[in-house]
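First the structure, in the form of structure tokens, and then the observations on it.
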There are 2 protein chains.
Amino acid sequence: MYEPNTRRKQEYKQRIKYILDTAESIFAEQGFFRATMRQIALKAEFALGTIYSYFGSKKQLYRKVIETKVNELVDFVTGKMAESPTVQGQVEKFVHTKMTFLHKNPAFLRLYFTKVDVPQLDTEHTWPKKVREKYDSMLRCLTDVIQRGIQEGFFRPMDAKVTTKALDGLTNAFAISWLNSKKQMSVEADMRTVTELFLYGAATPQKSIRNSK
Amino acid sequence: MYEPNTRRKQEYKQRIKYILDTAESIFAEQGFFRATMRQIALKAEFALGTIYSYFGSKKQLYRKVIETKVNELVDFVTGKMAESPTVQGQVEKFVHTKMTFLHKNPAFLRLYFTKVDVPQLDTEHTWPKKVREKYDSMLRCLTDVIQRGIQEGFFRPMDAKVTTKALDGLTNAFAISWLNSKKQMSVEADMRTVTELFLYGAATPQKSIRNSK
DNA sequence: TCATTTTTAGAACGGTTGTTCTAACAATAG
DNA sequence: CTATTGTTAGAACAACCGTTCTAAAAATGA
């Protein structure tokens, strides 16, 4: 028989990862349809057939790329959020870790925003259900925090899910803008802006002193 | 010679519009790459060659679709904004008209969010420069309003451009969510949420009474 | 009616690409 | 070493699609 030993298993994992990373960069550069399997094979230095033997099809390879990265993102964000005890701390962690991750993974950042969540299309224009659910689990985590904040009186009595949507969208807006800017943007400044704007809004407080920080 | 009379000109315009509308719906359903010129010709009830004689190529047709709709959106939004004299009124107009437009044009809504603004790729994944500029003109209009609001003391002293980005992103976030929701969402409620959140934030005002409305 | 222009249906062209296949080669286990 | 399995380079296949072309029909202006 052919019992793969440890090294062999490791090598296999490494190869998978290498192919996934390569595919990610090419999909990010060119988009799903422009990217070709030949390109990916070439850049990853594997034969075309090998890629197919590993991933079956272009679509599956693509899904795997997305799935892997979203899992990474979500685990990173939720993990960090759990570290903070306070509501405000957790919200800040969400903003901070999500934006940091997207900033550190520019290829993924592109993939992330090339996709739209339109379940009607189960094609390459939407996220696989598994991925969607993983992402939702992160949002639910945020919703719980916000809900707690409302109960504690830290947040105004709003719909927690809607508020989640707003904060998620706010972070997205800034991340998207990184795609355009040639010059190096200050990520830290953006994170602070998002947090502040989300908590206190744009309008000047009337006859009041805000608890800033 | 062959001097097209008025009716002929009108018919020509109507045809152009009909093809553009048809193309919009198909591009929205399938995305640029999946959509085929044959499909569009079939649905628009024109011969394939006729479409080509009108628009030259698939890419040009696509660009025209986007361009037309973005122009409509921007003119609609900026037009309505100009109607209001106050800063707060103009901000509300922006939120209201932009979201209303996107809600009333679900096909465009999809196209709008399938595209990402990545100037590095001058392919189908980005907006044509002309479109980008048009959209930017709308954002600049909003930036001016916010700048005025800052000077008047209505807004806190923030970077007006950054604040614009935030508000634009906030409206996008809610519009995107309409793509997913099977059930009819309350657009009015979403518009109010966006406005409130943008102006006053999510945190509870401390020792203060907010001027609500 | 006649000459001109538009439109049409569909064939045809040319290129691309996902996927499979083949035959040779390399690595591995026993 | 030998049988087995994994890998490779590249050919081959098959389908698709953007685009052009053709010949006929329809519409138009005079």
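As the structure is a computational prediction, the values presented were derived from the model and not from experiment. Proteins come first, then strands; the chains are lettered A, B, ... in the order of their sequence lines, and each starts at number 1.
- Protein atom CE of B/Met37 is 19 Å distant from nucleotide atom P of C/dA11, rounded to whole Å.
- Residues B/Thr50 and B/Arg38 each lie close to DNA chain C; by heavy-atom proximity, the contact nearer the 5' end of the strand is made by B/Thr50.
- For the pair A/Tyr54 and A/Gly49, nearest-nucleotide mapping onto DNA chain D gives the more 5' position to A/Tyr54.
- In this structure, CG of A/Leu42 is placed 13 Å from C1' of D/dG10, rounded to the nearest angstrom.
- When the P atom of D/dA9 is taken as reference, atom CD of A/Glu45 falls 10 Å away, rounded to whole Å.
- Remark: A/Asp136 engages A/Arg132 in a salt bridge, criterion side-chain N to carboxylate O under 4.0 Å.
- B/Tyr52 has its OH atom 17 Å from the C1' atom of C/dT7, to the nearest Å.
- Counting to the nearest Å, the P atom of C/dT16 and the NZ atom of A/Lys58 are 15 Å from each other.
- One can place CZ of A/Arg34 at 18 Å from P of C/dG15, the figure rounded to the nearest angstrom.
- Distance CG (B/Leu48) to P (D/dT22): 16 Å, rounded to an integer number of Å.
- Residue contacts for A/Ala35: at a heavy-atom cut-off of 4.0 Å it reaches the sugar-phosphate backbone alone, with no base atom in range.
- Listed candidates were C/dT19, D/dG18, C/dT7. Nearest to the side chain of A/Ser57 is C/dT19.
- Taking the centre of each ring, B/Tyr12 and B/Tyr54 come in below the 6.0 Å mark.
- Counting heavy atoms of neighbouring residues, nucleotides and ligands inside a 6.0 Å radius, atom NZ of B/Lys161 does not exceed 12 of them.
- Distance, B/Tyr12 OH to C/dT5 C1': 14 Å, rounded to whole Å.
- Side-chain N/O atoms of A/Lys43 and A/Ser25 include a donor and acceptor closer than 3.5 Å.
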